[in-house]
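In what follows, a structure is listed as structure tokens, so that the remarks can point back to it.
Chain naming here is simple, since letters A, B, ... match the order of the sequence lines and numbering starts at 1 in each.
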Amino acid sequence: MIYIKQLAQHEGQTVQLSGWNAQKRDSKGLVFMTFRDGTGFCQAVIDLNVVGEESFEAAKRLPQESSLSITGKVVKDERQIGGFEIQVTSLQVIAEATEYPITPKEHGVDFLMDNRHLWLRSRRQWAIMRVRNRIIFAIHEFFQSRGFVQMDAPIFTGNACEGTTNLFETDYYGEPAYLSQSGQLYGEAMAMAQGLIYTFGPTFRAEKSKTRRHLSEFWMIEPEMAFYDLKMDMDLIEDFVRSVVTKVLDECADELKALERETSYLEKVREPFIRMKYEDAVSIIKGEKEVNGRTSLVMLAEEQQKLVDEKLATENEIAEREAKIKSGELKKGEINFNQSKIDKLKAQLTDIAERQQAVEQWIHSANTFERGNDFGGGDETVLTKMFGQPVMVYNWPQAVKAFYMKEDETDKGYAKGVDLLAPEGYGEVVGGGERETDIERLKSKIIEHELPMSAFEWYLDLRKFGNVPHSGFGLGLERLVAWICGLQHIRETIPFPRSYGRLLP
RNA sequence: UCCUCGAUAGCUCAGCUGGUUAGAGCACAUGACUGUUAAUCAUGGGGUCCCUGGUUCGAGCCCAGGUCGGGGAGCCA
């Protein structure tokens, strides 16, 4: 038995494959099956004259997602998925499926999420998971090749790390325990033991967020480096993101193609990232400062106009197709075709309306943004849309950042934190910075943030025994996957997403 | 918690200012078609119009309350 992935090495040979019937079409004497085996998809052609009546009838009536083994000749055919097809000589049904819910028709999100366990089999979802896998591998390759040691932080914690977000509370032998929202503080302890470390584990946030950027459970990678300052931290972030993205670009071309990912923005990671201080970023967001000859307000107005044009074009196309159907000159098949196009276009109209609403909000937040505040999702989008490549924003007002961020000695009131914003509206992918080393300042910050001192005694110990400058960052895996794959929603980036209101399947 | 949009067949949707027996396509079943890639033809089965209450001679449509879901704000990776 071989796998679809290996077909190219078996051209002209007769091979055996085991897998599933992803989809099929039939006509007299021929069945065309899109066959999948987990490693890929390919067309299998079943010819009555070759396989005989019994096998042919079995294939013809085989429901979608039934499992089977096929034996056949590998024939090169550029038109096919993967460039090869199998001309089947014999087949054996392993298990006939009952009626499969996911049909080759458009489906709504809720329905697909209810069927996530099956949806994962679709080509698009398959491709996303392949890319996710390559990203994970690339992350390990990057850190391991630089001598980082993977050390994982605990998932049960006794304290709320940053104090702000809502955590999931569990019962830990009668004591309250929280599911970790960050391994950050433990990372610092581990870096003092091993020098360069990274954690790779699940993270939990009990936010009742319903947006395309949030999950209740997601995977985070948090490196922590002894003797690194903010500059070194930023250099590492840039090398790291470039390394991961280019590996996917180089090795997952087929998957990105299946996702219809336009890769020009991704290619930009090969160039140096934009770096700017918070104050400059604010000036750009508020439209006080031009980038490439235009302000944010001009860019947003252009964006608005684009949507108006798009809406008009879509409405016109719907009207045209409706007129065609009404004319009564079309054959039934053509009417169906036009009708399904109209359905699709109408779905696009609702999408355009949503985007128009979003742009309005961005304009509002650009106009009303107050210096000193943290960025909202819209502000991040505006900023990155101005550049079309990753942007690192550093030196944030201390008030909006976590208590452990170090203050810049030459830039009082600003914390040496950095956020990496992905282009195309994907927002904050990495957040990090240099850690506060002054124990007295840490203590007063803990009090200021109204955090329980007793829970941080061990953390303060790190400053008593061989205190060193150190930095780190956190990367949200799913946001990175969403950006690289060009997905509308983060829920497609993880096999079984956990979000507000979704615990099954 | 707030703003906003929505719920009609297994799925995606249409359903006019409230009016007879609620529609289409896909999917499914049966038959016809020798190369298809969501576009062939014919026939067929398939509905608690989200729930509760109200207005009305009459409610899928109007009103009130709820449930669930989409998008966003807040918060964040």
>> Give me the stems containing RNA chain B, sorted by first residue, counting only three or more consecutive Watson-Crick or G-U pairs with both distances under 3.5 Å; say none if there aren't any.
In response: B:1-7 with B:67-73, B:10-13 with B:23-26, B:28-32 with B:40-44, B:50-54 with B:62-66

So does [X] reach the base of [N] with its side chain, donor to acceptor, closer than 3.5 Å?
X        : N     : result
A/Arg502 : B/C68 : no
A/Glu207 : B/U1  : no
A/Gln23  : B/U37 : no

So if I take every side-chain heavy atom of [X] and compare against [options], which nucleotide ends up nearest?
X        : options             : answer
A/Arg491 : B/A77, B/G71, B/C33 : B/G71
A/Phe111 : B/C75, B/G70, B/C11 : B/C11
A/Arg479 : B/G71, B/C76, B/A73 : B/C76
A/Glu85  : B/C33, B/G71, B/G35 : B/G35

Interatomic distance at [atom1], [N] relative to [M], whole Å:
N     : M     : atom1 : answer
B/G19 : B/U43 : P     : 30 Å
B/C13 : B/C49 : C1'   : 13 Å
B/G60 : B/G47 : C1'   : 12 Å
B/U37 : B/G74 : C1'   : 47 Å
B/C28 : B/A64 : P     : 43 Å
B/A39 : B/C61 : C1'   : 34 Å
B/A24 : B/G66 : P     : 37 Å
B/C50 : B/C68 : C1'   : 8 Å

Short side-chain N/O contact to [N] OP1/OP2 from [X], under 4.0 Å:
X        : N     : answer
A/Arg25  : B/G35 : no
A/Arg213 : B/A73 : yes
A/His107 : B/C26 : no

Find the distance [X]:[atom1] to [N]:[atom2] and express it as a whole number of Å.
X        : N     : atom1 : atom2 : value
A/Phe375 : B/G72 : CZ    : P     : 20 Å
A/Arg212 : B/C75 : CZ    : C1'   : 18 Å
A/Asn373 : B/C75 : CG    : C1'   : 13 Å
A/Met220 : B/A77 : CE    : C1'   : 6 Å

Looking at [Y] and [X], is there a salt bridge between them, counting it only when a charged N and a carboxylate O are closer than 4.0 Å?
X        : Y        : result
A/Lys445 : A/Glu448 : no
A/Glu217 : A/Arg498 : no
A/Arg435 : A/Asp233 : no
A/Arg132 : A/Glu255 : no

> Between A/Phe32 and B/G35, do the rings stack, that is, sit under 5.5 Å apart with planes less than 30° off each other?
Replying inline: no

What N/O pairs connect the protein and nucleotides 27-30 of chain B at under 3.5 Å? Give each pair on its own line.
none

>> Here's one to test your reading of the geometry: is the NZ or CZ of A/Arg123 within 45 degrees of the ring axis of A/Trp126 and under 6.0 Å from its centre?
In response: no

Note, [X] side chain near [Y] side chain (heavy atom, < 4.5 Å):
X        : Y        : answer
A/Leu421 : A/Phe387 : no
A/Pro202 : A/Ile155 : yes
A/Trp483 : A/Pro390 : yes

> What is the distance from atom CZ of A/Phe142 to atom NZ of A/Lys247, rounded to the nearest 0.5 Å?
Replying inline: 9.0 Å

> Can you tell me how far OH of A/Tyr404 sits from NE2 of A/His449, rounded to the nearest 0.5 angstrom?
Replying inline: 10.0 Å

>> For the aromatic rings, using the six-membered ring if either is Trp, is the centroid distance between A/Tyr178 and A/Phe204 under 6.0 Å?
In response: no

> Pick the nucleotide of RNA chain B nearest each of A/Ile490 and A/Lys208; which residue has the one closer to the 5' end?
Replying inline: A/Lys208

> If each of A/Tyr500 and A/Glu428 is mapped to the nucleotide of RNA chain B with the nearest heavy atom, which maps nearer the 5' terminus, i.e. the 5' end?
Replying inline: A/Tyr500

